[in-house]
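These notes concern the structure reproduced below.
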Amino acid sequence: MLNFTYHNTTEIFFGEGQIAAIRNAIPKNAKILMTYGGGSIKANGVYEQVTAALDGFDWQEFAGIEPNPKYDTLMKAVNIVKQEGITFLLAVGGGSVVDGTKFIAAAADYEGNDPWDILAKRRADDSVELTSAVPLGCVLTLPATGSETNIGAVVTRGTTKLSFLSPYVRPQFAVLDPSVTLSLSPRQVSNGVVDAFIHTMEQYLTYPVHAKVQDRFSEGLLMNLIEEGPKALATPNDLDVRANIMWSATMALSGLIGVGVPQDWATHMIGHELTGLYGIDHARTLAIVLPAIMKVQREQKHEKLVQYGQRVWGLFGTDEEIIDQAIEKTEAFFREMDMPVRLSDVDLYESNINEIMAALETHNMLALGERGDMTLEVSRKVLETAR
């Protein structure tokens, strides 16, 4: 029997034309800061729809939030929030914009001396506990991270990429209009599909706890992404495909499939170091690391690897044959999505491993995995396997 508590209070507006719904989702007396990234929302019509919905509101905008949002950029927005008395944040963009806006929301209300502590002290004995944040909502333009409905965010400072969790930064609402994703580049589509796939795997590929609903839900998401991901590249104007990918990405990290079950996240922790050190796209780092973890941790994950192979890929044979084929098919799927699966695919080699290991040690990534048994030595083996 599982014991757990599950909370998710994000209101979701899904479908074409739903951006207009933000007009009734934001308090009429709010003073709004709209945040976004490099300006693609002005080319694909999203900016025009959002500003039309905000007609009559007191609002201003902050542009320039980067992929892997940077602390220094976000702090500029924090200063605006404080100086202008902003009472509501509206993130318009992909997961990085939403993550960055979550940090802005938290840092603007933070009463400590250094807002970086929100992230840096998360794993320390004196970890920061937030007591409030500026309310926020979001209009999602790139399905991938699931940040639109969850309580997590990741921020980069220099070569350090850290995360934090707080229920205070869960978006009050999220607009998911699949039609706005039709303008995404093939690389963005591939990144989003694989990011969602690995989010699901991190909550699924652990060890059995008889959580049949979570398992079957996860398997359905994985199968959907395997089926729809290549279609999104082959038939980029298929709105039904985009809708299924968008909903899959949201469900992959809304908190639902992970409730009450063991979770891993070692792939993400190692992947963060590759992004922080070398600027590699987040999803591309995950595609490199996950297959290596599946190989190195195959004994620890034996039962779920077999289950994954049988249910998701329809494999038969001995357990070892199923595991081998499941890993091969996972790598083949990533390659079909034009993703790297080896460090050498992104021009990293054995000489880079020591640098990555030093970063893991600096960031206290000493006991990763669902059992906390992935020591630095095991992480090194994963990186060596991923060469």
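Please read all numbers here as calculations on a predicted model, not as lab measurements. Start at 1 with the first residue, then count along the sequence.
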Any donor-acceptor N/O pair, [X] side chain to [Y] backbone, under 3.5 Å:
X      : Y      : value
Gln310 : Gly314 : no
Asn150 : Ser254 : no
Arg311 : Val306 : no
Arg170 : Thr149 : yes
Glu321 : Thr318 : yes
Thr235 : Asp238 : no
Asp345 : Val341 : yes
Thr200 : Leu221 : no
Lys301 : Leu205 : yes
Glu16  : Pro178 : no

Kindly compute the distance separating [atom1] ([X]) from [atom2] ([Y]), expressed to the nearest 0.5 Å.
X      : Y      : atom1 : atom2 : result
Glu299 : Gln297 : CD    : CD    : 9.5 Å
Met201 : Thr206 : CE    : OG1   : 10.5 Å
Leu305 : Tyr207 : CG    : OH    : 15.0 Å
His272 : Ile356 : NE2   : CD1   : 14.5 Å
Glu336 : Ile226 : CD    : CD1   : 10.0 Å

Does any non-hydrogen side-chain atom of [Y] lie less than 4.5 Å from one of [X]?
X      : Y      : result
Trp313 : Thr330 : yes
Pro143 : Thr181 : yes
Lys329 : Leu315 : yes
Leu360 : Leu376 : yes
Trp247 : Leu176 : yes
Asp373 : Val378 : no
Gln172 : Phe88  : yes
Leu90  : Leu136 : no

What pair of heavy atoms forms the shortest contact from [X] to [Y], and how long is it?
X      : Y      : answer
Thr10  : Ala174 : CG2-N, 3.8 Å
Met339 : Ser190 : SD-CB, 3.9 Å
Leu140 : Met246 : O-CE, 3.7 Å
Ala287 : Val194 : CB-CG1, 4.1 Å
Ala232 : Val189 : CB-CG1, 3.6 Å
Thr141 : Gly94  : OG1-N, 3.3 Å

Could you identify which residues cluster with [X], counting Ile, Leu, Val, Met, Phe, Trp and Tyr as linked when any side-chain heavy atoms lie under 4.5 Å apart, either directly or through a chain of such contacts?
X      : result
Val154 : none
Leu182 : Leu239
Ile151 : Leu165

Would you say the side chains of [X] and [Y] form a donor-acceptor pair under 3.5 Å?
X      : Y      : result
Trp116 : Tyr71  : no
Thr275 : Asn68  : no
Ser218 : Gln203 : no
Asn244 : Lys231 : no
Lys102 : Ser147 : yes
His282 : Asn191 : no

Which residues satisfy the ring pair (Phe, Tyr, Trp, His ring centres under 6.0 Å) test with [X], sequence neighbours excluded?
X      : value
Phe334 : Phe197
Trp265 : His268
Tyr278 : none

Is a salt bridge present between Glu370 and Lys304, judged by a nitrogen-to-oxygen distance below 4.0 Å? no
Assess whether atom [atom1] of [X] is packed by more than 12 heavy atoms of other residues, nucleotides or ligands within 6.0 Å.
X      : atom1 : value
Met223 : CE    : no
Glu303 : CD    : no
Glu66  : CD    : yes
Phe316 : CZ    : no

Residues 82-97 vs side chain to side chain donor-acceptor pair (under 3.5 Å), sequence neighbours excluded, gives none
Does anything in residues 376-387 pair up under side chain to side chain donor-acceptor pair (under 3.5 Å), and if so which pairs, sequence neighbours excluded? Glu350-Arg387, Asn354-Arg380, Thr375-Glu377
Can you list the residues that meet the side chain to side chain contact (heavy atoms under 4.5 Å, CB included) rule with Ala266, with sequence neighbours excluded? Asp264, Ile293, Leu368, Met374
Considering residues at least two apart in sequence or located in another chain, which fulfil the side chain to side chain contact (heavy atoms under 4.5 Å, CB included) criterion with Lys28? Arg23, Asn24, Phe57
Under a 4.5 Å side-chain heavy-atom rule over Ile, Leu, Val, Met, Phe, Trp and Tyr, are [X] and [Y] clustered together?
X      : Y      : answer
Trp59  : Val46  : yes
Leu222 : Leu253 : no
Val175 : Ile32  : yes

As a quick check of understanding, evaluate side chain to side chain donor-acceptor pair (under 3.5 Å) for Ser132 and Asp109, giving each step before the final call. CA-CA 6 Å; Ser132 66; Asp109 266 17; 3.0 Å; yes
Using the test side chain to side chain donor-acceptor pair (under 3.5 Å), find all partners of Gln307 that sit at least two apart in sequence or belong to another chain. Tyr204, Asp215, Glu219
Side-chain donor-acceptor pairs under 3.5 Å in residues 47-55, sequence neighbours left out?
residue: Tyr47; atom: OH; partner: Glu61; partner atom: OE1; Å: 2.5
residue: Thr51; atom: OG1; partner: Tyr47; partner atom: O; Å: 3.0
residue: Thr51; atom: OG1; partner: Glu48; partner atom: O; Å: 3.0

So Thr250 and Glu148, side chain to side chain donor-acceptor pair (under 3.5 Å) or not? Walk me through it. CA-CA 7 Å; Thr250 295; Glu148 64 273 10; 2.5 Å; yes
